[in-house]
There are 2 protein chains.
Amino acid sequence: MPRRKIRLFDKKPLPKPVSEAQCGAEEANQVWSDVKLDRRSRDNGRVTISDLSQALSLTKGTVSRALNGYPDIAETTRVRVIRAANAMGYRPLSHAQAIKTGRSCSLGLVIQLSEHDAHRPFLAEFLAGLTQAASKEGWTLTVATAENDADTLRIMRDLVVHQKADGFILPRVLWDDPRIASLSGEDTPFICYGRPRNSKDMSYFDVEGEAAMAEAVSYLADLGHRRIAYIGSAEYYAFSHMRRDGYKAGIDAMGLGFDPDLMQEGALSPEQASAATRRLLALDTPPTAIICATDSLARGVYDVANELGLAIGTELSVIGYDGSPEASAMWPRLASFAVDTRKAGATLGEMFIARIRNPNAPVAQHLIRAEFRPGGSTGHPKLTPEQLVRTLAQRGATQNT
Amino acid sequence: MPRRKIRLFDKKPLPKPVSEAQCGAEEANQVWSDVKLDRRSRDNGRVTISDLSQALSLTKGTVSRALNGYPDIAETTRVRVIRAANAMGYRPLSHAQAIKTGRSCSLGLVIQLSEHDAHRPFLAEFLAGLTQAASKEGWTLTVATAENDADTLRIMRDLVVHQKADGFILPRVLWDDPRIASLSGEDTPFICYGRPRNSKDMSYFDVEGEAAMAEAVSYLADLGHRRIAYIGSAEYYAFSHMRRDGYKAGIDAMGLGFDPDLMQEGALSPEQASAATRRLLALDTPPTAIICATDSLARGVYDVANELGLAIGTELSVIGYDGSPEASAMWPRLASFAVDTRKAGATLGEMFIARIRNPNAPVAQHLIRAEFRPGGSTGHPKLTPEQLVRTLAQRGATQNT
DNA sequence: ATTTGATCCCGAAACGCTTTAAGCTGCCAT
DNA sequence: ATGGCAGCTTAAAGCGTTTCGGGATCAAAT
């Protein structure tokens, strides 16, 4: 009866490798001075596990088990091994591990190009955060690009099958995201940036767009605005739902009375935002302030204002969202909500690695706030809606002659 | 005497794997219908080389040699193998190959964060190009970020030692780039985006900034401008040298007479560009047009112009470089030179992979042109330099009261 | 004195792939 | 016949790591 076969540890929560810091590395150099320190394998300068095991007079298996925190290794041995590993500068070759474990220690990111420019400036910071989190754990970031949804799914599958990525960070999550459906089906780990439709039992990280929008409303109301409009993005983005709800909540909270005419959704480009702006300004009681779901939509508002000779900040107030460099490029500077994209990336990276290390941990859900950045694009309303109508008529008349 | 030992092929120019396209894959399905198509290894859905060799009744070695283009395999066998590989959907696991070959089939990109925002919008397109080229060859892109030069070197070394990257694309190359010095020392392959100091015998890809700047000068001169200034970036960027030289060449070519006062270099941020602009406008004979080495510098010019009440496009013409979204966000739209960043990435990726495949090929050097994109920021000079001086004095006076 | 049970470590076999050395055909020239 | 030589294929040894079954040791329990 092979009673011994019972494993003390379950398969899934794989033992977290012991970090170097846990054993005083500086001391190690002296302790192990008797070990032939530069016992390196022939060709390149790498120290292999064989070198290490030989130096320690242990077998490779034992060394590996010691380093990977298996429980059937004496604590003293473990310490010995870890010290020697530090002293000799041993670090396992991740793809040599991958061959057996199937884990390549790299997180995948597939960015979709067709999405509107919105996320472009955001990318560098996001990557920074991700890679920072990754490299802290000795992981790596594998990036791919795709043209469309189908492409994305194909590429992700490919990356997983060829073990180039252990799972994915999903940026700019959609309300009904095909990636989620697909990845849940196969069981590839992933973490969302954003909250899709049924996010209750998913791991995600997000910025509270709803809070920002509500804050925007209250900020403008405090300035004296009563007619505050909202230009939203396409409904298929998850963030659109959050921000729209935030706007509504803000309107309610300030007791301004929700007017569906003031809410223009579905704008994807500055041009479409321009069209929305024209619709808003053509209302009988036009808004004196416009909140945009993204900075790039605000650009469309600016364009129309410039065209109509409407002074931004006094005659028409505007607030954006993203805190992009684009926002500071505008004149006057666009008031916006800055998102700490780098932190977002870093958090997502950490969450992801933690998830891989312990796949049956409960889902993790993190939220942070966006920080309001005032700008010259807001001010006390110089004109009432009625005056605004008259001004527009007047300027339009002179312009058309 | 083991005469047989002579290898017909040298070690270095490793045989290029035969592409799938070379053997009609659609036909293959029928030809190999007798083969058990879904002979897959037990756990996951991958087809391994063992499955393939078993199906073909060949040994793994033969299959490998056939696929890797070794010359001592009969052509008929090779075709058989390739067909079967396509039919069964076999693709080698790159990290399993890496363990023996040391090549992980991934190109590394370390982006440095401290660099001024200049390159931010550029990133997404660049990545798109790179990953596109990479995935076409079954390669992968590994991205890391670094805070400073030392960090970059450390990270690159690390990536190479742990075989996470076979070499690097160096974006935004410096005139004297520490990365180049370092990588040449170890013999890690790399390719530059840009032309550093001694680029004669290096592989690079670049956009002809010099041509663009010369074109800008001639464009403005054709509009009637005679005093054309230049605001340049820091000298340590390689591109600064090119663009500056191009500006000078343009001035010469148009016979405008080079005036050192009109050339302000070393501006890294919009703010520094603003300072440069003020210096230029304070000259006895100020310029009526300003060419900026980057779009973001142009933003500084816009800021000063707005502040001084100078109408861009009529009273002061501006041209930028990069064709960034920032440029179109400005009002009026900034005339600029659009760089096809995606193509840049794609070309660099291809060049890199080619280089790895055949390390002793001669260096490859590619240049493309930037495309001029007109905008409202240029026009016939409405004022002469003298009138400009008077206007400025006048407006300055009213503004100061 | 024997069984039991831990605890710690070892040897060996995977993993998927490449590469080397050696083997097996034929064929031509001795 | 014998040797030599192509040409093609196989067998097996790595590569660096994990994992599995079991062996040795020792203390405690029978």
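Per chain, numbering begins at 1; letters A, B, ... match sequence-line order.
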Between [X] ([atom1]) and [N] ([atom2]), how many Å, whole number?
| X | N | atom1 | atom2 | value |
| --- | --- | --- | --- | --- |
| B:Asp51 | C:dG16 | CG | P | 8 Å |
| B:Asp72 | C:dC24 | CG | C1' | 15 Å |
| A:Asn68 | D:dG16 | CG | C1' | 13 Å |
| B:Gln97 | C:dT18 | CD | P | 5 Å |
| B:His162 | D:dT17 | NE2 | P | 9 Å |
| A:His95 | D:dC15 | NE2 | P | 13 Å |
| A:Arg78 | C:dC8 | CZ | C1' | 11 Å |
| B:Leu93 | D:dG16 | CG | P | 17 Å |

It should be established whether [X] places a side-chain nitrogen or oxygen under 4.0 Å from OP1 or OP2 of nucleotide [N].
| X | N | value |
| --- | --- | --- |
| B:Thr48 | C:dC15 | no |
| A:Thr77 | C:dC9 | yes |
| B:Tyr90 | C:dC17 | yes |

Is it the case that the ring center of B:Tyr193 lies less than 6.0 angstrom away from the ring center of B:Phe126?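 Close enough - the centres of the two rings lie under 6.0 Å apart.
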
Please determine, by modelled atom types, if B:Thr62 and B:Thr59 share a side-chain donor-acceptor pair under 3.5 angstrom.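 Result is yes, a qualifying pair exists.
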
Among all residues two or more places apart in sequence or in another chain, which pass the salt bridge (charged side-chain N to carboxylate O under 4.0 Å, His left out) test with A:Asp158?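 Here the qualifying residues are B:Arg91.
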
Shortest side-chain distance from B:Ala96, nucleotide among C:dT19, C:dG16, C:dC9: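 The closest nucleotide is C:dG16.
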
Who passes side chain to side chain contact (heavy atoms under 4.5 Å, CB included) against [X], sequence neighbours left out?
| X | answer |
| --- | --- |
| B:Ala361 | B:Asn358 |
| A:Asp149 | A:Gln112, A:Pro178 |
| A:Ser106 | A:Ser104, A:Thr140, A:Thr142, A:Ala165 |
| B:Ser182 | B:Leu153, B:Arg157, B:Glu186 |

Any residue meeting side-chain hydrogen bond (donor to acceptor under 3.5 Å, both in side chains) with B:Glu350, in chain and number order, not counting sequence neighbours: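 By the side-chain hydrogen bond (donor to acceptor under 3.5 Å, both in side chains) rule, B:Glu350 matches B:Lys136.
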
The criterion is side-chain hydrogen bond (donor to acceptor under 3.5 Å, both in side chains); which residues satisfy it with A:Ser94, sequence neighbours excluded?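 B:Lys164.
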
All N/O contacts under 3.5 Å from nucleotides 10-14 of chain D to the protein, with atom names and distances to one decimal?
from, atom 1, to, atom 2, distance (Å)
D:dT10, OP2, B:Thr59, N, 3.3
D:dT10, OP2, B:Thr62, OG1, 3.2

How bent is the helix from C:dA1-D:dT30 to C:dT30-D:dA1, comparing axes over its five end pairs at each side, to the nearest 10°?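 End-to-end axis angle for the helix from C:dA1-D:dT30 to C:dT30-D:dA1: 70°, rounded to 10°.
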
